[in-house]
Participant: 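Right, I'll just put the structure down here and ask away after.
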Amino acid sequence: MTHSNKQAVKTSLYASKAPLEWAITNNGTLYTAQIPIDENGDVVAGGIETQTRQTLDNLKHTLECANVGMDAVLQVMIYVTDRDHLKTVNQIYAEYFEAPYPNRAALVIAGLAREEMLVELVVYAAVP
């Protein structure tokens, strides 16, 4: 017996062929992972700056579809493929969030699901 009220958040993000939803809500929390893809499902070109902006724009869109803003974000896990990218990610991240900032962790990893991806965000947010 499940006590879940799990619901998918409907977004206009590219419909992945993988078995996933871009966001799920359950018991007042939104769970999402965001990547630097455009409306065609392609990873955006232009390096870490462009990819970070696209990823954060996708996050903002997803939150808006759940009727919340960036201030609803509680925790962010940042995955980058190069430690040197963190400075750029931090600068852009600071444009999207205000104090009190979400709790967060940053991980430097060998690679992401798509070889050309340089950044991915795993995000937890409060929803009504």
Side-chain angles (χ1 to χ4, degrees):
M1 186 169 167
T2 177
H3 296 284
S4 170
N5 62 350
K6 181 171 98 170
Q7 291 186 303
V9 174
K10 295 296 169 212
T11 71
S12 64
L13 296 175
Y14 180 78
S16 176
K17 291 169 183 60
L20 64 84
E21 299 292 343
W22 284 118
I24 289 286
T25 60
N26 189 53
N27 295 328
T29 304
L30 179 144
Y31 303 83
T32 187
Q34 296 292 328
I35 60 175
I37 58 168
D38 62 18
E39 64 278 359
N40 300 314
D42 298 320
V43 174
V44 296
I48 189 63
E49 182 172 347
T50 306
Q51 287 198 14
T52 301
R53 285 190 193 284
Q54 183 70 51
T55 302
L56 285 161
D57 287 344
N58 290 348
L59 172 61
K60 191 173 181 185
H61 166 75
T62 299
L63 293 169
E64 286 168 356
C65 290
N67 298 311
V68 295
M70 297 293 274
D71 59 338
V73 173
L74 304 172
Q75 187 175 53
V76 179
M77 309 266 267
I78 300 170
Y79 295 86
V80 293
T81 57
D82 186 327
R83 188 174 312 279
D84 292 338
H85 292 333
L86 285 173
K87 182 179 181 199
T88 303
V89 171
N90 265 332
Q91 288 171 336
I92 296 165
Y93 182 96
E95 297 173 20
Y96 285 78
F97 292 100
E98 297 176 354
Y101 297 104
N103 171 263
R104 62 173 235 201
L107 298 90
V108 181
I109 61 171
L112 291 160
R114 295 199 200 173
E115 191 177 356
E116 65 272 29
M117 283 176 21
L118 305 174
V119 62
E120 181 167 358
L121 302 179
V122 174
V123 177
Y124 308 97
V127 291

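The basis for the numbers below is simple: all heavy atoms, side chains too, and nothing from hydrogens, waters or symmetry mates. Position 1 is the first residue of the sequence; numbering continues from there.
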Participant: Tell me whether Ile37 shares a hydrophobic cluster with Val119, the cluster being built from Ile, Leu, Val, Met, Phe, Trp, Tyr side chains joined at under 4.5 Å.
Facilitator: no
Participant: Evaluate Thr81 against Met117 for side chain to side chain contact (heavy atoms under 4.5 Å, CB included), listing each step before the verdict.
Facilitator: CA-CA 8 Å; Thr81 57; Met117 283 176 21; over 6 Å; no
Participant: Just by distance, with hydrogens left out, do Tyr14 and Asp42 show a side-chain donor and acceptor under 3.5 Å apart?
Facilitator: no
Participant: Could you pull out the closest heavy-atom pair between Cys65 and Thr11, with the gap in Å?
Facilitator: SG-CA, 3.8 Å
Participant: Looking only at atom types and distance, does a side-chain atom of Glu21 sit under 3.5 Å from a main-chain N or O of Ala8, one as donor and one as acceptor?
Facilitator: no
Participant: Test of understanding: clusters of I, L, V, M, F, W, Y form through side-chain heavy atoms closer than 4.5 Å, transitively. Do Ile48 and Ile78 belong to the same one?
Facilitator: yes
Participant: Is it true that a side-chain atom of Thr32 and a backbone atom of Trp22 form a donor plus acceptor pair closer than 3.5 Å?
Facilitator: yes
Participant: Any chance CD of Glu95 has more than 12 other-residue heavy atoms, nucleotides or ligands included, within less than 6.0 Å?
Facilitator: yes
Participant: To the nearest 0.5 Å, tell me how far Tyr124 OH sits from Asn103 CG.
Facilitator: 11.0 Å
Participant: When you group the ILVMFWY residues by side-chain heavy-atom contacts below 4.5 Å and let the links chain together, are Val76 and Leu59 in the same group?
Facilitator: yes
Participant: Identify the heavy atoms of Pro128 and Val68 that sit nearest to each other, and give their distance.
Facilitator: CD-CG1, 3.6 Å
Participant: Looking at Asn5 and Asn26, would you say the former's side chain and the latter's main chain have a donor-acceptor pair under 3.5 Å?
Facilitator: no
Participant: Which pair of heavy atoms, one from Pro36 and one from Gln54, lies closest together, and at what distance?
Facilitator: C-CG, 3.8 Å
Participant: A side-chain contact here means heavy atoms from C-beta on lying under 4.5 Å apart; do Leu63 and Met70 qualify?
Facilitator: yes
Participant: Please give me the minimum heavy-atom distance between Ala45 and Thr50, naming the atom from each residue.
Facilitator: O-CG2, 3.1 Å
Participant: Could you give the side-chain donor-acceptor pairs of residues 107-115 under 3.5 Å, partners two or more places apart or in another chain?
Facilitator:
residue, atom, partner, partner atom, Å
Arg114, NH1, Gly41, O, 2.6
Arg114, NH2, Gly41, O, 3.1

Participant: Is there a path of hydrophobic side-chain contacts, each under 4.5 Å between heavy atoms, that joins Val73 and Val127?
Facilitator: yes
Participant: Once rounded to the nearest 0.5 Å, what's the spacing between atom CG of Leu56 and atom OH of Tyr93?
Facilitator: 8.0 Å
Participant: Would you say Leu13 and Val9 are hydrophobically clustered, going by side-chain heavy atoms of ILVMFWY under 4.5 Å?
Facilitator: no
Participant: Considering only distance and modelled atom types, tabulate donor-acceptor pairs under 3.5 Å from the side chains of residues 82-92, sequence neighbours left out.
Facilitator:
residue, atom, partner, partner atom, Å
Asp82, OD1, Asp84, N, 2.8
Asn90, OD1, Arg104, NH1, 2.8
Asn90, OD1, Arg104, NH2, 2.5

Participant: Without swapping roles, check the side chain of His61 against the backbone of Ser12 for a donor-acceptor pair under 3.5 Å.
Facilitator: yes
Participant: Within the side chain of Asn58, is there an N or O that forms a donor-acceptor pair under 3.5 Å with the backbone of Ile35?
Facilitator: yes
Participant: Roughly how far, to the nearest 0.5 Å, is the NZ atom of Lys10 from the OG1 atom of Thr62?
Facilitator: 12.5 Å
